[in-house]
Visitor: 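One structure follows; several queries about it will come next.
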Amino acid sequence: MSSPPAAEPQSTKGPRTTTKTAPAKARTPRRTHSESARRQHAPSHRLETPQLDALHLELDRWFAANARELPWREPSCSPWGVLVSEIMLQQTPVVRVLPVWLDWMERWPEPADLAREASGEAVRHWGRLGYPRRALRLHAAALAIVEEHGGTVPGTYEGLLGLPGVGDYTAAAVAAFAFGERETVVDTNIRRVHARLVSGTALPAPSLTAAEMRLAEALMPEDPALSVRWNASVMELGALVCTARSPRCMDCPVRAECAWLAAGEPPPSYVPKGQAWHGTDRQLRGAVMAVLRVAEAPVARELFERTPADLGFAAEGTAVPLAALHRLNSAPEQLERALDGLVRDGLAELHDGDYRLPA
DNA sequence: CATCCGTGGGA
DNA sequence: TTCCCAAGGAT
C-alpha cells in the first residue's frame, strides 16, 4: 500500500567541517556494556548461512511492501530531523509524534534555530508527548551541536553518544538511519523480534544483555546499506506484526523460521511489572506541567494549592488544567516535592513565588 | 542495576 | 473500566 521507502543514507555527510574540535569542556563519553561489546569486532559467530541470507531477503521484501511512510524516513529528511524523531519516539507511539515533529521541523529546521530559543519554548512545544525532560535534552543537544560541532549533527556513533538525551540506542539509530552507518541498532521492537524468531521466547530478558547485542550484530548483513535496511525492517516488523500483545503471526513474512511459533508459543517466563501511576509524583508533575505549558504568564503557587476561592484568579486557559490538578487532591508535601523536582530538573523556574517555564 | 520520568490509545 | 505499554535515558 505504501511505496517502498528507500533506506539510503539521507545525507552524503560530505565535509563535516571537523575543523572546530577540542571543545573547552568535553563531555565524558559514556561507556556501556553494549558499547564495549560493539567495539570488540568479535567476529565470534558471523552467521553467514543460506538461511540468514533468505531471512534478509524475505524481510527486505516485506519492508518494501509494508513499511509506513514516515517523514523522517524520506531521503530528503536531514540528520537533524532524524535525531528529533528518534528522541520524540522514545517510549512514544508514532501517531502521537507525527504532528509534533512536523511542527518542530517547521519551527526549528536546523539545530541553531532551536539553540536560539529559551529551553522553555522547547518544553512548551513538546505538547503532551510525555517525558518533557526529552525536550530539555533536545534543546541542550542543539546547543552542543552548535557549540561543539559547528551546527551540524555529528555523524558517528561516538559523536552522537556525547549529545544530551542520546543513549546507546539513539546514537546507533541516527548513525544508521541518517548517515548510513553499519551500527547495531537494538530497541524494544528488535529485542522482541529476536527473542521470538531466534531465541524462541515470548519476550526478551527484562534488561538488555550482552548476548542480545552479540546476536543482533551476528544477524546484521555485512553490507552497510543492507544493514541499515535490515535494522529498519526488523524494527518495523516488531511495530506492525510481531507486537507485544496479540502478535499477528498470520501476517508474518518469517513465521516459517520463527523459533517461538515452532515451540508452540510458550508463555513468557516472567511478568513485566507495570509502572504505578495514580497518586504518584509523576502524575502530579504532569498536571503541573500541563498548567505551565498553556500559561501566558507566571503562575502563583497558591493557584496550584487551590487555596484561593476556586480559581477566580486563574488566567484564561489555565482553568481547565488547574482543575485537573486540583482533582488529584494531592497532599501539600507531595505538591511541594513535585514543584521542587520540576525546578531541580530544569522544567520550571521559580521567581517570587511564581512558577513558569524556563526562560 | 533498579528506579524514576508522562501520556493516551487500544485490548 | 482497568491495564498494558510505545523507536529509552539518566542516575
Side-chain angles (χ1 to χ4, degrees), chain A residues 27-28 30-35 67-68 70 72-73 81-101 123 126-138 140-141 160-178 183 185-193 203-210 228 231-240 242-248 268 271-278 280-293 321 324-325 328 337-338 341-342 344-347:
Chain A
R27 212 176 303 277
T28 60
R30 276 154 285 185
R31 281 281 158 177
T32 64
H33 69 285
S34 45
E35 183 189 359
R68 294 165 291 183
L70 301 172
W72 46 85
R73 282 180 178 163
V82 174
L83 174 61
V84 171
S85 79
E86 288 298 343
I87 291 185
M88 286 184 172
L89 286 164
Q90 290 168 5
Q91 302 288 286
T92 310
V94 165
V95 286
R96 237 179 316 168
V97 164
L98 264 171
V100 182
W101 184 88
V123 175
W126 193 251
R128 305 188 66 83
L129 275 189
Y131 290 152
R133 294 195 287 192
R134 291 181 293 165
L136 230 40
R137 294 183 184 133
L138 208 30
L160 288 159
L161 194 60
L163 298 175
V166 176
D168 203 25
Y169 160 76
T170 304
V174 175
F177 301 141
E183 292 288 345
V185 180
V186 178
D187 76 322
T188 184
N189 286 311
I190 292 181
R191 294 188 65 210
R192 188 175 53 253
V193 170
L203 296 175
S207 59
L208 181 60
T209 65
V228 169
N231 283 327
S233 303
V234 177
M235 204 178 308
E236 191 76 344
L237 185 70
L240 297 183
C242 197
T243 53
R245 287 171 300 183
S246 59
R248 297 190 261 283
V271 283
K273 52 179 178 181
Q275 301 175 339
W277 173 247
H278 290 286
T280 62
D281 287 4
R282 295 166 68 183
Q283 187 185 29
L284 194 51
R285 287 167 55 118
V288 170
M289 291 306 297
V291 174
L292 295 183
R293 275 198 306 269
L325 170 59
L328 296 179
R337 190 167 61 244
L342 290 173
R344 170 176 42 78
D345 292 346
L347 285 165

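Order of the sequence lines fixes the chain letters, A, B, ..., with proteins taken first and strands second; residue numbering starts at 1 for each chain.
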Visitor: As a test of reading the structure: which of dA7(C), dC5(B), dT7(B) is closest to the side chain of Arg293(A), going by heavy atoms?
Guide: dT7(B)

Visitor: Pick the nucleotide of DNA chain B nearest each of Val95(A) and Asp281(A); which residue has the one closer to the 5' end?
Guide: Asp281(A)

Visitor: What is the distance, rounded to the nearest whole Å, between atom CD1 of Ile87(A) and atom P of dG6(B)?
Guide: 16 Å

Visitor: Grab the two heavy atoms, one from Arg68(A) and one from Arg73(A), that are nearest each other, plus how far apart they are.
Guide: O-NH1, 2.9 Å

Visitor: Measuring only the C1' atom in each nucleotide, how far is dA7(C) from dA2(B)? A whole number of Å is fine.
Guide: 23 Å

Visitor: What is the distance, to the nearest angstrom, from the OH atom on Tyr169(A) to the P atom on dA7(C)?
Guide: 9 Å

Visitor: Using modelled atom types and a 3.5 Å cut-off, is there a donor and acceptor pairing between side-chain atoms of Arg137(A) and backbone atoms of Val166(A)?
Guide: no

Visitor: Scan Ser246(A) against the nucleic acid and name what it touches under 4.0 Å (heavy atoms): base, sugar-phosphate only, or nothing.
Guide: nothing

Visitor: Tell whether Arg128(A) reaches the base of dT7(B) with its side chain through a donor-acceptor pair below 3.5 angstrom.
Guide: no

Visitor: If you only use heavy atoms from C-beta on, which nucleotide in dG8(B), dA7(C), dC4(B) is closest to the side chain of Leu89(A)?
Guide: dA7(C)

Visitor: Nearest whole Å is fine: how far is dG9(C) C1' from Leu83(A) CG?
Guide: 14 Å

Visitor: OP1 or OP2 of dG8(C) sitting under 4.0 Å from any side-chain N/O of Gln91(A)?
Guide: yes

Visitor: Any idea which of dG9(C), dA6(C), dA7(C) is nearest the Leu70(A) side chain?
Guide: dA7(C)

Visitor: Heavy atoms under 4.0 Å, any strand shown: does Ala244(A) hit a base, just sugar-phosphate, or nothing?
Guide: sugar-phosphate

Visitor: Under a 3.5 Å distance rule, please check whether Thr280(A) uses its side chain to pair with a backbone N or O of His278(A) as donor and acceptor.
Guide: no

Visitor: Please classify the nucleic acid contact of Ile190(A) as base, sugar-phosphate, or nothing, using heavy-atom distances under 4.0 Å.
Guide: nothing

Visitor: Nearest whole Å is fine: how far is dG9(C) P from Asp345(A) CG?
Guide: 18 Å

Visitor: Can you tell which of dG6(B), dA6(C), dA7(C) lies closest to the side chain of Arg73(A)?
Guide: dA7(C)

Visitor: Which part of the nucleic acid, if any, lies within reach of Gln275(A) when heavy atoms closer than 4.0 Å are counted: base, sugar-phosphate only, or nothing?
Guide: base

Visitor: Between dG6(B), dA7(C), dT3(B), which one does the side chain of Lys273(A) approach most closely?
Guide: dT3(B)

Visitor: Quick one: list whatever passes side chain to side chain donor-acceptor pair (under 3.5 Å) with Arg133(A), sequence neighbours left out.
Guide: none

Visitor: In whole Å, I'd like the distance from the CZ atom of Arg344(A) to the P atom of dT11(C).
Guide: 11 Å

Visitor: Where do Trp126(A) and Tyr131(A) come nearest, in terms of heavy atoms and distance?
Guide: NE1-O, 3.8 Å

Visitor: From C-beta outward on Arg137(A), which listed nucleotide comes closest to its side chain: dA7(C), dG6(B), dA10(C)?
Guide: dA10(C)

Visitor: Roughly how far apart are Leu240(A) CG and Asn189(A) CG, rounded to 0.5 Å?
Guide: 8.5 Å

Visitor: Would one find a side-chain N or O of Thr170(A) under 4.0 angstrom from OP1 or OP2 of dG9(C)?
Guide: yes

Visitor: Would you mind reading off the distance between Arg248(A) atom CZ and dG10(B) atom P, rounded to a whole angstrom?
Guide: 12 Å

Visitor: Just how far, in rounded Å, is P of dC4(B) from CZ of Arg134(A)?
Guide: 19 Å

Visitor: Which value, rounded to the nearest 0.5 Å, describes the distance between Leu342(A) atom CG and Asp281(A) atom CG?
Guide: 9.5 Å

Visitor: Base of dG6(B), side chain of Thr92(A) - is there a donor-acceptor contact under 3.5 Å?
Guide: yes

Visitor: Between Arg134(A) and Ile87(A), is there a donor-acceptor pair closer than 3.5 Å when you use the side chain of the first and the backbone of the second?
Guide: yes

Visitor: Scan Ser207(A) against the nucleic acid and name what it touches under 4.0 Å (heavy atoms): base, sugar-phosphate only, or nothing.
Guide: nothing

Visitor: dT7(B) P sits how many Å from Leu98(A) CG, rounded?
Guide: 19 Å

Visitor: Using the 3.5 Å cut-off, write out each protein N or O paired with an N or O of nucleotides 1-4 of chain C and the distance between them.
Guide:
unit_1, atom_1, unit_2, atom_2, d
dC4(C), O4', Arg245(A), NH1, 3.3
dC4(C), O2, Arg245(A), NH1, 3.3
dC4(C), O2, Arg245(A), NH2, 3.4

Visitor: Between Trp277(A) and Arg282(A) (side chain of the first, backbone of the second, donor and acceptor by atom type, cut-off under 3.5 Å), is there such a pair?
Guide: no

